[in-house]
Amino acid sequence: MGAMELIREARPHGREKLRANLIEWFHWLLREAELYDVRYPVKGAYVWRPYGMRLRRHVEELIRRSHDETGHQEVLFPVFIPYEFFGKESQHIRGFEKEVFWVSKGGEEGERLVLRPTSETAIMPMVKLWVHDYKDLPLRLYQIVSVFRAETKMTHPMIRLREISMFKEAHTVHVDREDAERQVREAVEIYKKIFDEMCLAYMINKRPDWDKFAGAEYTIAFDTVLPDGRTLQIGTVHYLGTNFTRVFEVTYLAADGTRRLAHTTSYGISERSIAAMLITHGDDAGTVLPPRLAPIQVVIVPIFYGEEEAASVISYAREVEKALREAGMRVHIDDRPDKTPGWKFYFWELKGVPLRVEVGKRDLEKRQVVITRRDTLEKYAVGLGELVDAVRGLMRTVEENLRRRAWEELRSRIVRAETVEAAKAAIREGKVVEVPWSGDNDCGIKLKDLVGADALGVPLDSDASVGGFDLRDLACGEKRAEFWLRLSERY
RNA sequence: GGGGCCGUAGUCUAGCCUGGCUAGGAUGCGCGGUUCGGGUCCGCGUGACCCCGGGUUCAAAUCCCGGCGGCCCCA
């Protein structure tokens with residue numbers, strides 16, 4: 001980079017308002033940054049506005065790319081599922097029936113339809129038609145669609161929805177448990193990559209048995225920690241065993257001539273991940289978008305006094321814009337004549353544009369620009385010759401800083417406790433707390449109730465075994481502790 | 001599941017308890033001037049069937065009932 005001179009030290013915006021009431025702050029951000037409108041008159045259903053939609057499309061592109069590169073094929077299934085299919089798997093229907101939307105009219109004589117709350121029972125009957133022998137496997141499908149859940153708890157914009165409008169659900173079919181579990185591990189790797197690019201920090205937890213996906217053998221979840229200490233589930237991966245293939249009779253002809261039941265997995269991500277991203281990188285002035293996902297990566301603000309300067313400064317700004325655009329960057333030049341530079345600075349900081357390029361008469365004369373980072377508000381003077389390299393380098397720096405900050409915050413929030421009292425205190429302080437657990441279901445339920453928190457499960461991102469310590473299960477003192485069980489307040 | 005609070009111009013909000021002037025402010029928008037390297041300032045103008053439905057009353061944004069939607073706390 002060379003000729004990049006720091007002309008203002010870091011002085012980032014505070015996070016007091018954000019921490020004081022996270023949900024209020026988030027509603028403010030969605031409204032003021034024109035991302036998403038919460039005023040649509042149906043509970044749990046909201047509107048993506050143009051700027052939010054552009055952000056969402058970059059996230060969808062990341063998700064599509066990550067799946068396409070790893071042997072997944074995109075499909076599109078109907079929103080209707082015949083009740084006959086939906087009800088086939090007993091655990092599945094037990095888990096979802098209370099929150100499924102029924103279609104009260106339509107469908108053929110005697111046929112009842114539901115709106116998909118997830119698509120296992122739509123996909124299985126079709127997979128049965130498509131899979132003949134072991135050479136058709138593994139089959140990896142995904143779609144990005146709306147799913148519907150009649151949430152009884154309080155709904156939250158972009159977080160707890162009745163219409164989840166960006167549900168990426170992958171469904172895979174395998175010859176046996178081993179290959180399906182290999183897929184589960186791969187799905188975890190794919191999700192890590194996606195969240196890494198979103199600069200999100202996450203825990204990977206094996207959900208306790210009582211909280212797994214309805215119809216799954218086990219569920220692995222990605223949980224992030226928001227700035228108020230509550231955790232948010234941002235992705236799940238399920239091993240479904242033969243629970244669905246058994247009832248839908250999805251079998252294949254094996255190499256040895258026998259007919260076998262296939263094993264399946266499913267895994268999902270939704271717009272919750274976008275909410276997590278907006279919040280994680282947020283501050284009292286707005287949000288910061290990871291440069292690779294930002295609809296606008298660089299905003300150029302021309303600064304001029306009077307009309308005689310305007311022409312030359314704007315023409316210089318266009319020169320700068322052209323150079324960045326030709327280098328493949330998403331650039332916007334804000335040449336509105338009725339807004340002052342200061343006003344524009346606040347406006348684009350609110351919207352999370354990662355870099356701002358300021359050009360004025362002084363810069364024109366020196367053939368330079370001033371670049372400001374959104375995350376730290378550091379300012380640099382950069383010669384025109386180094387412009388593209390400097391912007392590229394700073395985008396990388398901002399991205400790395402967002403990711404590093406997120407992980408530091410998350411790591412600082414995870415603590416261990418060996419008594420119920422200590423665990424309670426940790427929860428009160430907004431921590432994720434790991435407590436000794438025998439692994440027994442009933443003891444786990446008792447334990448989370450004793451502490452007064454939700455169970456995220458057993459860590460898969462660090463050593464979960466209590467190992468050398470001689471610790472007792474905090475709820476069942478007669479039992480030896482085998483694992484650390486993560487507890488937190490959850491959204 | 002239980003409790004509390006709230007819904008007023010495009011947006012944010014005061015007024016509501018204790019019913020009664022022309023529903024006040026900020027922001028936005030339009031015009032004029034002044035400013036422009038961190039939300040310029042001043043003047044004039046514009047904009048609200050006070051969430052919906054019903055009730056009480058001479059009179060309802062205000063009180064009562066129901067609905068819809070939102071926020072907070074507890075289980």
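Below, chain A is the first sequence line, B the second, and so on; all start at residue 1.
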Exercise. Mind calculating the distance between CD (A:Glu24) and C1' (B:C6) to the nearest angstrom?
Key: 11 Å
Self-check item: Distance under 6.0 Å and angle within 45° of ring axis: A:Lys351 vs A:Tyr51
Solution: yes
Practice problem: By nearest nucleotide on RNA chain B, pick out whichever of A:Lys339 and A:Lys344 is the more 5' one. | Solution: A:Lys339
Practice problem: With a 3.5 angstrom cut-off on both distances, give the Watson-Crick or G-U wobble partner of B:U62, or none if there isn't one. | Solution: none
Self-check item: Expected output: side-chain A:Glu271 to main-chain A:Ser165 donor-acceptor under 3.5 Å
Solution: yes
Self-check item: Watson-Crick/G-U partner (both atom distances under 3.5 Å) of B:G69
Solution: B:C6
Self-check item: Same-atom distance (P) from B:C6 to B:G10, integer angstrom
Solution: 23 Å
Practice problem: For B:C71, take OP1 and OP2 only and decide whether either is under 4.0 Å from a side-chain N or O of A:Asn21. | Solution: no
Quiz prompt | Atom CZ of A:Phe80: over 12 foreign heavy atoms under 6.0 Å | solution = no
Quiz item: Within 45° of the ring axis of A:Tyr218 and under 6.0 Å from its six-membered ring centre, is that where the NZ or CZ of A:Lys206 lies?
Solution: yes
Quiz item: With a centroid cutoff of 5.5 Å and a plane-angle limit of 30°, would you call A:Tyr346 stacked on B:G39?
Solution: yes
Quiz item: Between B:G28 atom C1' and A:Phe347 atom CZ, what is the distance in whole Å?
Solution: 13 Å
Quiz item: OP1, OP2 of B:G70 versus side-chain N and O of A:Tyr46: anything below 4.0 Å?
Solution: yes
Quiz item: What integer number of Å spans the C1' atoms of B:C41 and B:G24?
Solution: 23 Å
Quiz item: Closest nucleotide of RNA chain B for A:Thr372 versus for A:Asp338: which of these residues is on the 5' side?
Solution: A:Asp338
Quiz item: Starting at CG of A:Asp334 and ending at C1' of B:C36, how long is that distance when rounded to a whole Å?
Solution: 13 Å
Exercise. Could you give the distance separating B:U22 and B:C63 at their C1' atoms, to the nearest angstrom?
Key: 24 Å
Exercise. Once you apply the 3.5 Å cut-off to both distances, tell me the Watson-Crick or G-U wobble partner of B:A23, or none.
Key: none
Quiz item: Does A:His27 have a side-chain nitrogen or oxygen under 4.0 Å from the phosphate oxygens OP1 or OP2 of B:G70?
Solution: no
Quiz item: Rounded to the nearest Å, what distance is computed from the CD atom of residue A:Glu358 to the C1' atom of nucleotide B:C36?
Solution: 13 Å
Practice problem: Take atom C1' in B:C71 and the same atom in B:C12, then report the distance between them in whole Å. | Solution: 16 Å
Practice problem: Could you work out the separation of B:C51 and B:A26 based on their C1' atoms and round it to a whole Å? | Solution: 22 Å
Quiz prompt | Crowding at NZ, A:Lys43 (>12 non-hydrogen neighbours, <6.0 Å) | solution = yes
Exercise. Could you check whether A:Val301 gets within reach of a base, just the sugar-phosphate, or nothing at all, counting any heavy atom under 4.0 Å?
Key: nothing
Self-check item: OP1 or OP2 of B:C68 under 4.0 Å from side-chain N/O of A:Lys43
Solution: no
Quiz item: What about A:Arg8, does its side chain sit under 3.5 Å from the base of B:G37 through a donor-acceptor pair?
Solution: no
Quiz item: Counting only Watson-Crick or G-U wobble pairs whose two distances fall under 3.5 Å, which nucleotide matches B:C36?
Solution: none
Quiz item: Expressed as a whole number of Å, how far does the P atom of B:G33 sit from that of B:G47?
Solution: 24 Å
Exercise. Please check if any side-chain donor atom of A:Ser266 sits under 3.5 Å from a side-chain acceptor atom of A:His238, or the reverse.
Key: no
Quiz item: What interatomic distance, in whole Å, is found between P of B:G43 and the corresponding atom of B:U27?
Solution: 11 Å
Self-check item: Any strand: nucleotide that pairs with B:C31 via Watson-Crick or wobble, under 3.5 Å
Solution: B:G43
Quiz item: Between atom CG in A:Leu377 and atom P in B:G37, what is the gap in whole Å?
Solution: 16 Å
Quiz item: Is there a donor in the side chain of A:Thr376 and an acceptor in the side chain of A:Glu378, or the other way round, less than 3.5 Å apart?
Solution: yes
Exercise. Would you mind reading off the distance between A:Asp284 atom CG and B:G39 atom P, rounded to a whole angstrom?
Key: 18 Å
Quiz item: What do you reckon, are the aromatic ring centroids of A:Phe213 and A:Phe96 less than 6.0 Å apart?
Solution: yes
Quiz item: Under 4.0 angstrom, heavy atoms only, what part of the nucleic acid is A:Tyr40 near: base, sugar-phosphate, or nothing?
Solution: nothing
Practice problem: For A:Asp284 and A:His13, indicate whether the former's side chain and the latter's backbone hold a donor-acceptor pair under 3.5 Å. | Solution: no
Quiz item: At under 4.0 Å between heavy atoms, what does A:Asp363 touch on the DNA or RNA strands: base, sugar-phosphate, or nothing?
Solution: base
Quiz prompt | Donor/acceptor link under 3.5 angstrom from A:Glu349 side chain onto base of B:G38 | solution = yes
Quiz item: Distance only, no hydrogens: is a donor on one side chain within 3.5 Å (strictly under) of an acceptor on the other, for A:Arg413 and A:Thr231?
Solution: no
Quiz item: Which base sits across from B:G1 as a Watson-Crick or G-U pair, both distances under 3.5 Å?
Solution: B:C74
Exercise. Would you kindly give the CH2-to-P distance between A:Trp25 and B:C71, to the nearest whole Å?
Key: 16 Å
Quiz prompt | Nearest-Å distance once atom C1' is located in both B:C16 and B:U8 | solution = 11 Å
Quiz item: Taking CZ from A:Arg336 and P from B:G39, how many angstroms apart are they, rounded to a whole number?
Solution: 16 Å
Practice problem: Could you work out which one of B:G38, B:C71, B:G37 sits closest to the side chain of A:Pro157? | Solution: B:C71
Practice problem: Kindly point out which of B:G38, B:C72, B:U40 is positioned nearest to the side chain of A:Thr340? | Solution: B:U40
Quick one: which protein N/O atoms are closer than 3.5 Å to N/O atoms of nucleotides 8-14 of chain B? Pair and distance per line, please.
unit_1	atom_1	unit_2	atom_2	d
B:U11	OP1	A:Arg39	NH1	2.2

